Amino acid sequence: MKARTTKTTGKPSRTRKPAQGLRRDYRFDYSKSKPNRFAGRVRRDALVIVLDSDVAEVFRESKPVNALLRATIAAVKKRRPRRAG
């Protein structure tokens, strides 16, 4: 009985030419770039989370989002079942 292996021998069926530099889509002209105007608004200890567009339409500021999340956390903590010990 012959054992089959996944080891391949020989050349691959298709060979690609190595890419010369970046594709045109990825070229970026840094001479036209500007500093991030929003960087100063974020506190150093803050965690930035990107909302989906449908959620962002409802919540325009961080205060209502934080209030809702805190209420959800409080509700989840109250519902946790006690473990039998």
Side-chain angles (χ1 to χ4, degrees):
M1 178 184 239
K2 291 184 179 180
R4 294 183 71 183
T5 63
T6 57
K7 190 175 186 179
T8 59
T9 57
K11 295 181 180 179
S13 60
R14 294 184 338 181
T15 57
R16 289 185 174 180
K17 294 180 184 178
Q20 300 294 324
L22 293 175
R23 289 177 36 192
R24 187 180 67 205
D25 310 8
Y26 297 111
R27 291 190 187 122
F28 184 75
D29 184 4
Y30 286 97
S31 67
K32 296 178 182 177
S33 66
K34 297 178 183 176
N36 184 350
R37 64 180 187 211
F38 302 106
R41 294 183 185 181
V42 180
R43 296 187 333 239
R44 284 191 94 69
D45 64 338
L47 174 66
V48 177
I49 298 174
V50 179
L51 301 175
D52 289 338
S53 59
D54 58 330
V55 177
E57 287 177 12
V58 176
F59 296 101
R60 292 300 201 180
E61 296 178 5
S62 62
K63 288 181 183 181
V65 174
N66 288 331
L68 180 64
L69 289 173
R70 286 185 181 107
T72 304
I73 291 168
V76 169
K77 284 183 179 180
K78 289 179 183 177
R79 272 199 251 155
R80 283 191 179 166
R82 293 185 185 181
R83 290 183 128 183

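All residue numbers refer to positions in the sequence shown, counting from 1. From a predicted model like this one, the values you see are computed outputs, not experimental measurements.
D52 pairs by the salt bridge (charged side-chain N to carboxylate O under 4.0 Å, His left out) definition with nothing, not counting sequence neighbours.
Under the 4.5 Å side-chain contact rule for hydrophobic residues, L69 and L51 share a cluster. Follow the hydrophobic side-chain contacts under 4.5 Å out from L68 and you reach V55 in the same cluster. A continuous path of ILVMFWY side-chain contacts below 4.5 Å connects V65 to V58, so both sit in one hydrophobic cluster.
Rounding to the nearest 0.5 angstrom, the gap separating the CD1 atom in I73 from the CZ atom in R70 is 8.0 Å.
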